Amino acid sequence: MLSYTLKRLLQAIPTMLIVITISFFLMRIAPGGPFDGERALPPEIEANLMAAYHLDEPLPMQYLRYMGNLLQGDFGPSFKYKDFSVTELIMQGFPVSLEIGGLAILLALLLGLPLGVIAALKRNSTIDYLVMGTALAGIAIPNFVIAPILALVFGVLLAWLPAGGWNGGALPNLVLPVAALSIQQVAYIARMMRASMIEVLGSHYIRTARAKGLAESQVIWRHALRPALLPVTSYLGPAVAGIITGSVVIEQIFGIPGIGRYFVQGALNRDYTLVMGTVVFYGALIVLMNLLVDLIYSALDPQIRHDD
Amino acid sequence: MTQNRTPLAGAIALASALLASPVAAQTLDMGVTGELASFDTSQVAGGIWESQVLMDVYEGLVKKSPDGEVLPGMATSWDVSDDGRTYTFHLREDAAWSDGEPVTAEDFVFGWQHLLDPQNASKYAYMLYPVVGAEAVNTGEKSLDALGVASLDDGRTFQVELTAPTPYFIQLLTHYTAYPAPKHAIEEYGKDWVKLDNIVTNGAFTPEEWISQSRITVSRNPEYYDADEVALDEVNYYTVEDRNAGVSRFRSGELDIMREYSSSMYGMLQEELPDATHMAPYLGSYYYVFNHREDHPTADPKVRKALSLVVRRKVLSEQIMGGTFLPSRSFVPEGIHHYDVQKMPQEGDMDERMERARQLLAEAGHGPDNPLNLRLRYNTNDEHKKIAVALAAMWRPLGVEIEMINSEATVHYQTIAEGDFDIARAGWIADYNDAENFLSLLHSGVGNNYGAYSNAEFDDLTDQAARTLDADERETLLEQAEQTALNDYAVLPLLYYVSRNLVNPAITGWEDNVEDDHPSRWISFEQ
Amino acid sequence: MTTDPLSYDGDRHATADDLGPDAAPAAGESLTRDAWRRLKQNRAAMVSLVMLIVITLTCLFGPYVLPWGLSEVDWNAFTASPSLEGGHFLGTDANGRDLLTRTLYGGRVSLSVALVASLVSLVIGVLYGAISGYLGGRVDNVMMRFVDIMYSLPFMFLVILLMVVFGRNILLIYAAIGAVEWLDMARIVRGQTLALKQREFIEAAHALGVRDSRIVTRHLIPNAIGPVIVYVTLTVPKVILLESFLSFLGLGVQEPLTSWGVLISEGTDMMQSAPWMLLVPSVFLAATLFCLNFLGDGLRDALDPKTR
């Protein structure tokens, strides 16, 4: 298990290299630069700026310089947020993104799994249709529609919860963004859990277990649940990716100081270092999540052993 | 005023406030549309939201009154030499930084040098180019000492030499590029002086906390000379980038002031929050640039005139923008000091204008056989999109086909600076209250003259105005210059900006003004 | 970006067992007929299929029937609410353009983006997966390692970077999304192929000296078609949502073209003053996504031999 983990981590190095290189050059060939804006700069000032950020060097030089700094853990200064380095921005924003993202995943699992199991057990009943119908609504409505509606209804009209803001992560400020972020994942997880539960319940060994006269609750708890969880486990990786994407929208709408917005803002403003910082950071995060998911998976599935 | 987040939290806050002190602390929660780039004014990117924070924490030689008039600030008075090129400012005795150190002329000398230092690569350094030696210092040709500023009388007097009489110089001093910088702090901490532990400021407030992308908190500066007059104890500036969210958070009471709302919400807000919804004329011009470069159909004045004739500005203002822009037939917006805006003539009714436009296009060689296809660029934004779509529809009856291309601001401005367009959206918000700030955009060879408009007569008039000391004479020259540009259909003026703010009716000390400047030092809550 | 749950067990579990003992390979014809018969019994799926055909036909031919053009402005009706008298059955937008007309034109764009992107991912994914699975051994190893690396890329970010680099080009939206979506497809097809190629009929073809390329295209791919069809019906709604996400970020199609995503994103701004601008395109989008999901479920049930 340990050697497997190490091997996977080693394999992550070329992956990260590819990610960094592609994003670096894509960003640099994009038209427009970090200093192009509503007001044209006098050439001498633009020259000062280019020199200050080493943008006047040839591109390969800039690439090497960036990689060199990166090896020392230095993401460079942000072009837009001058009083912070990219590292500081990510370190300040990530705990926030992690909090709402983690809560959203947790909520999605806590709601999605039981709903899926219930729907599977009551297959084709009213409950099943109700659960799955609601779940579909979560899949069919974009979250940038759901979020402002939640803010309007619960923040303004009913005035139960703040319509936005972070307020140091106070509970009332968490509710709406976490709900908006998890709705889609609840729906996916419930649907998937239902499907895999139905499949497991129809398999030979469950039929055998029933034939042996085991109580239904025991059949479900002891024998059906664990194999049914497997596909859901492997979905966790994509779920994290989905949450990260969703956070771009949710953080903007609710004014949450996470890092979700940095990428899009940075890409549109050509804040090269900020874009690269978020890409490297998220790339590493996704690699780690995939590894983690595989480890959980093998822990659940006795047929898989990573002994090599 | 502490806001009631939830009824329960509000009750607790209220109870503890009552127990703690007889007078509740006054906190202003303000939503701004973007994040400040830096507390170092040389590093600021030029967003309108940035000047709000900066004018609260710093004070220049002059400051603004609630209605936008210029008042003495760090300088109590000033003298201007007869040739209009030397300004001598007498600084106030009790001016101090937030650590108690006095504000001296040295801080202004240092601050202006800091701004122009090529190593600091300041985006807005050119604002101080009227000062002797400024451009040479900024390009690195001369050392910082060559800048025409001096500290006299042991730092109680600040003297500035200008390259030419600059009648708007005092107006220009309201811009944050003219603020002082704390020499002692920067010498002590170097680049780290802006970190919150080290920073000192000389304004009514001083920075306390900064959570990136969420909130900046500033508190009353006890060293400020007028600290007793400042009602607010704290101001929170919340970064609110989503336009729906700003309105929702204002309506739920989380924000006392929201410094912008979307034009599409104006009608709804007027109905639901009539006392809180502010809209006022603003020194900003929304216009389309015509490309005057060769090979572009818009280089032909007949084409430009034809396109201008059929624009229905009232429709744009009232129907498309719901009244949140005002129709404009001038390039310089109304409300500029010492200036009467020049307007394009309004010729006949719509049918006549349409007829005339068709004729002009025919004369220019465009018709059914040679249809006019134009490329229109705008930067990605819902309001810009609506206006572009409406104009394309207004021009379609002339047989003009418009290809619309939107891109993010960086690409938009780079592309139009390179000349790859026929018509392009642009806008200009005044940096300071003077017609020159607008008219200089049409001078030959200027970077912001995206359409490469060039008319010797116009250049001559504005150059002459720059050398003229007499205010009335200068006004006439500038007005003639604008008239010349309008006669050429140099650009297509469309709308004047308006300022849009949501302001809690319990606030006093807020007055709508054409520069949309609202220093928090004047603001208080009715008790 | 989310990966659909239902596809997720493809790579790890696809063993010969998956096709069931009675998946007669030679009986491709009767398999389809069989599946079609079972699909017809699934009422939800059939209703969905009919709805989808209706929506598609309406988007294709509706604009010819309606009196308004795509960018035709009614100068007397800006932001007009739905009414029969004014001739704008579902209201107009802020520019006085007929909303129903624009929604139908927008549907053409959204549906074609989804269809083309899914087809691109289908072609790449199926060929890649089939080749990898069929050749097996070291080639398979390398090819799948590449897929693993691709999985670790923060893909949503790459799509945004591509949009930023190349502008808002509709062809690019097709290509970028398609290029993102083929990974799952490749894994599924590889799994199927691995399972199939040990079967007698493939070995027989081998023994008869049939060329590899022919075996892959004539035998392997047609027999893996079931899960692939299911997967496509699940990819289409994902792509539609992805397109709406890009539109929300301001990276959608250029005027005067529009899409459901663009219309919905415009509508959220007018949520309170002109709710129809949000409702009309949202209903079209949600209905389409609902139907695609039901149809996908139905197809999976119909094509899965175990539910027989």
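Atoms considered below: every heavy atom in the structure, side chains included; atoms not considered: hydrogens, waters and symmetry mates. Just so it is clear, the structure is predicted and the values come from calculations on it, not from any experiment. First the proteins, then the strands, lettered A, B, ... as listed; each starts at 1.
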Quiz item: Which is it for A/Val264 and C/Ile160 under the side chain to side chain contact (heavy atoms under 4.5 Å, CB included) test, yes or no, and what are the steps along the way?
Solution: CA-CA 8 Å; A/Val264 176; C/Ile160 293 174; 4.0 Å; yes

Practice problem: Just do the side chain to side chain contact (heavy atoms under 4.5 Å, CB included) check on A/Met132 and C/Asp297 with the steps written out, would you? | Solution: CA-CA 11 Å; A/Met132 286 303 114; C/Asp297 285 358; over 6 Å; no

Exercise. Before giving the answer on side chain to side chain contact (heavy atoms under 4.5 Å, CB included), spell out for C/Phe248 and A/Val145 the whole-Å C-alpha distance, their side-chain angles and the decisive distance to 0.1 Å.
Key: CA-CA 10 Å; C/Phe248 172 76; A/Val145 176; over 6 Å; no

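Heavy atoms of A/Val275 lying under 4.5 Å from chain C belong exclusively to its side chain. Contacts between A/Ile22 and chain C at a heavy-atom distance below 4.5 Å involve the side chain alone, from C-beta outward. No part of C/Thr288 comes within reach of chain A, as not one of its non-hydrogen atoms sits under 4.5 angstrom from that chain. Heavy atoms closer than 4.5 Å to chain A are found nowhere in C/Leu292, neither backbone nor side chain. Of the atoms belonging to A/Ile253, it is side-chain heavy atoms, and not backbone ones, that fall under 4.5 Å from chain C. For C/Phe245, the parts sitting under 4.5 Å from any heavy atom of chain A are the backbone and the side chain alike. For a residue to count as touching a neighbouring chain, one of its non-hydrogen atoms must lie under 4.5 Å from one of that chain's; by this rule A/Leu285 does not touch chain C.
Across all their heavy atoms, C/Leu285 and A/Ala140 have their closest contact at CD2-O, 3.6 Å. When all heavy atoms are compared, the tightest approach of A/Ala267 to C/Val164 is O-CG1, 4.0 Å. Listed here is the closest heavy atom pair of C/Thr268 and A/Phe144: CG2-O, 3.7 Å.
Taking the side chain as every heavy atom from C-beta outward, C/Leu251 and A/Leu268 approach each other to under 4.5 Å. Between A/Val248 and C/Leu249 the shortest side-chain heavy-atom distance falls below 4.5 Å.
Atoms CD1 and CG, on A/Ile139 and C/Leu241 in that order, are 9.0 Å from each other to the nearest 0.5 Å. Atom CD1 of A/Ile141 and atom CD1 of C/Ile264 lie 9.0 Å apart (nearest 0.5 Å).
Among A/Thr278, A/Val249, A/Val279, A/Ile29, the residue with the largest count of heavy-atom pairs under 4.5 Å with chain C is A/Val249.
Environment of OH in A/Tyr205: crowded, with over 12 heavy atoms of neighbouring residues, nucleotides or ligands closer than 6.0 Å.
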